[in-house]
Amino acid sequence: MRTLYNLLARFSRPMRIAIQVSILAVIVIAVGAVGFVEYSAQPSFCLNCHIMEPYYDSWVTSSHNDVACIECHYAPGVKAEAMGKFQAANQVVKYVTGTYGMKPWAEIEDASCLRSGCHVERKLESELDYRGISFNHAQHLGELRRGKQLRCTACHSQIVQGDHVAVTADTCYLCHFKDQPLGEPIAGCTGCHVDPPRLVSDVGFVVDHPRYVEELTSCVGCHEEVTSGSGEANQARCFTCHNEPERIDQYENVDFVHRTHLADHNIECAQCHMGIEHRVTSLASTFDLDCASCHQGVHDLQRRMYAGTGGHATENMPSYMYLARVSCQGCHGLPSEMEGHDQVQEAGEAACLSCHGIRYANILPSWQTEMEERVSRVGAVVAGAQRRASSSPVRTRATVDSLLGLASENVEFVRIGKGAHNIAYADELLASAVDLVREAIESGGLPYSVDNVDLGTRIRRNVCLRCHLGAEDLQVQFQGARFDHRPHVTTAGLGCADCHTSLDEHGGTTIDSRETCNTCHHPQIRPMNCARCHSGPGGAPSSVIAHPTGNFSHDVHRGAGFACATCHTPPAMGASDLDCTTCHEQHHQPEATCLGCHQQGTIEKHTPAMHGQCAVCHGDEISSVGEWSRQVCTVCHTDRIEHNAPLQCTQCHQIPALAGAREETS
């Protein structure tokens with residue numbers, strides 16, 4: 001002490017005071033630093049930052065409330081503790097400067113859990129009970145689980161607010177059930193439920209779990225819906241923490257991602273994965289039967305038809321409604337009854353109209369009717385070929401049977417799967433069935449021919465037919481005249497848009513009047529043009545046509561070499577105004593065969609008193625008929641054509657002379 005005093009005596013008084021104050025300050029700072037370090041190690045210090053309040057509150061009520069925060073958050077060792085203090089000081093600075101984040105982050109090393117006086121490794125070797133489930137730490141921490149190295153915090157975390165460092169069952173479910181088949185979790189059901197108890201249900205039914213386990217009875221026979229959720233890790237969640245492209249590109253590298261997040265760092269599974277919920281469902285006093293558990297594949301063909309898959313020699317073609325994710329219940333929502341069932345849900349037109357409106361009326365019935373007719377037609381073709389398959393040579397019989405079998409399966413697919421579920425795909429299946437039959441006939445040389453099977457226009461070539469199936473067979477009224485779609489659509493190959501408005505003005509026509517049709521139908525007359533639309537030889541009717549002047553036979557005039565254009569001129573093509581006498585001048589002669597034109601209805605228009613008074617009405621047109629003849633009389637008396645032929649009527653009958661007849665000149 002004297003030595004220190006002598007040393008200070010060498011300095012001036014002000015300097016001595018400064019040195020003494022400095023020494024005192026160092027002592028105070030040292031004591032204060034030690035005190036602050038000790039104080040900052042107390043859990044209550046964390047409350048100085050308000051964002052730590054929820055974590056502090058959960059710690060107070062946890063099983064670790066007698067363990068200071070730093071005992072877990074600082075790994076054992078001076079170096080780790082010093083680094084922890086430095087990081088803590090950094091957080092204090094951020095809090096004071098207002099640059100802190102709202103979500104504190106901390107990583108707890110396994111060494112903190114296994115330090116002396118805490119969870120020593122010996123305690124982790126035994127099994128323990130967790131909510132009635134047998135659990136062994138050694139099996140989870142001592143070896144890789146699903147190829148991943150687990151840490152203590154992989155299961156002990158704070159995913160649920162308020163449960164501090166507690167086991168989160170969601171993590172268990174994620175590991176044990178993700179991507180596993182129903183009833184086959186990791187370690188199996190009995191891996192966790194080692195000794196399920198024997199129970200008695202509410203209705204007195206004995207549930208003998210021990211016997212079921214012994215007999216290896218599948219748990220899903222009773223406990224079917226034990227999980228919900230997929231556990232998927234969507235890439236979008238990566239952007240919550242990362243924005244660097246090189247990190248995002250590692251999304252598909254599953255091993256690297258799990259090693260970095262799970263083994264190297266304390267990233268909770270729920271930060272990336274969607275949850276999976278697991279519950280053990282018990283038998284209830286009443287429950288809904290799942291028909292599919294016994295009746296497997298009952299609606300399989302309907303589902304495949306809707307999805308547009310599973311046919312032979314056809315490409316996949318999903319229904320538009322399938323692509324729009326319309327469920328079965330979207331159409332099958334009409335309550336109905338069926339023998340053996342209290343209630344079923346049927347599809348009907350009302351379901352269509354409830355979504356699409358009245359303009360979709362009659363579409364579903366037309367689908368159903370048209371598909372039934374097409375299935376019947378193609379089914380008959382396939383059956384006919386199968387009856388003749390035995391006539392094929394032995395070397396080709398297997399090929400023939402195989403091709404006809406595929407064709408038959410396509411037809412049955414449409415029949416049972418109901419083509420109305422996907423009419424475009426059903427149309428392709430039936431067309432493919434016909435092609436397969438033709439291939440079988442050619443391969444086996446079968447004594448069987450397939451004529452043109454009427455399947456209408458292929459739906460894939462005309463989008464309108466996806467709704468208006470069978471429109472090519474429709475006959476409608478257009479401006480007072482009958483309009484037949486078949487010669488226009490099937491024969492002439494016209495598209496719907498050639499006459500109808502676009503989808504924006506759905507339901508209209510671009511044809512203003514019947515005369516507009518002449519733009520296509522009668523631009524000019526060429527040989528055999530008429531036969532494209534009109535039946536009969538060369539397009540001329542074979543039956544007699546009634547005309548105001550008399551009955552007209554096309555056959556007689558065609559036989560004489562007359563073309564259609566002789567009487568019919570474009571564009572109207574009418575012939576009702578033609579005067580027959582233009583060609584048939586002076587054809588009214590007593591010896592002429594009147595019945596060539598006048599065949600019926602004449603006697604009804606004349607009374608007996610009109611005998612001989614023809615010129616009063618017909619004038620000069622019959623001026624050349626100056627006397628009665630058998631031909632003139634039978635114009636009215638058609639029932640006497642063969643009467644006493646070939647005698648003239650005047651030989652027996654007294655008939656007044658014809659009045660107004662032109663006098664013969666000598």
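In what follows, every heavy atom counts, from backbone to side chain, and hydrogens, waters and symmetry copies are set aside.
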Study note, to complete from the structure: Per side-chain contact (heavy atoms from CB on, under 4.5 Å), L429 is matched among E409, M317, M305, E412 by M305
**Study point:** Identified side-chain contact (heavy atoms from CB on, under 4.5 Å) partner of R415 from the options N410, V378, V375
**Key:** V375
With distance as the sole test, does [X] use its side chain to make a donor-acceptor pair with the main-chain N or O of [Y] at under 3.5 Å?
X    : Y    : answer
Y306 : G417 : no
R247 : N243 : no
R388 : L446 : no
H258 : V254 : yes
S432 : E428 : no
H312 : A407 : no
Y448 : V437 : no
S376 : E372 : no

Check your understanding: Hey, mind stepping through V257 and Y251 against side chain to side chain contact (heavy atoms under 4.5 Å, CB included) and telling me if it holds?
Key -> CA-CA 7 Å; V257 170; Y251 172 75; 5.9 Å; no
Review point. Is there a side chain to side chain contact (heavy atoms under 4.5 Å, CB included) between H242 and I248 once you walk through the steps?
Key: CA-CA 7 Å; H242 307 291; I248 301 300; 4.0 Å; yes
Heavy atoms only: give me the nearest [X]-[Y] pair and the separation to one decimal.
X    : Y    : result
S392 : R397 : OG-CD, 3.2 Å
I276 : G229 : CG1-O, 3.8 Å
G310 : N316 : N-OD1, 4.4 Å
L174 : M274 : CD1-O, 3.8 Å
L404 : A440 : CD2-CB, 3.7 Å
S319 : N422 : N-ND2, 3.2 Å

Review point. Step by step, would you call H485 with Q475 a side chain to side chain contact (heavy atoms under 4.5 Å, CB included)?
Key: CA-CA 6 Å; H485 281 80; Q475 293 184 358; over 6 Å; no
Atom [atom1] of [X]: over 12 foreign heavy atoms under 6.0 Å:
X    : atom1 : result
K418 : NZ    : no
Q180 : CD    : yes
E315 : CD    : no

**Study point:** Check against side chain to side chain contact (heavy atoms under 4.5 Å, CB included), T510 and H500
**Key:** CA-CA 5 Å; T510 57; H500 288 277; over 6 Å; no
Could you grab the distance from atom [atom1] of [X] to atom [atom2] of [Y], nearest 0.5 Å is fine?
X    : Y    : atom1 : atom2 : answer
Q345 : L334 : CD    : CG    : 7.5 Å
M371 : S366 : CE    : OG    : 10.0 Å
W367 : C352 : CH2   : SG    : 6.5 Å
T314 : D427 : OG1   : CG    : 11.0 Å
D401 : L406 : CG    : CG    : 11.0 Å
F177 : H278 : CZ    : NE2   : 4.0 Å

Practice item. Verify whether the ring centers belonging to H421 and Y322 lie closer than 6.0 Å. Key: no
Point to revise | Side chain proximity check, H273 to E232, heavy atoms < 4.5 angstrom | key: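 Not touching, per the 4.5 Å side-chain cut-off.
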Review point. Hey, are R374 and E370 close enough for a salt bridge, meaning a charged N less than 4.0 Å from a carboxylate O?
Key: yes
Practice item. Would you please test F483 and H488 for ring pair (Phe, Tyr, Trp, His ring centres under 6.0 Å) and show each step? Key: CA-CA 9 Å; F483 181 85; H488 295 78; 4.4 Å; yes
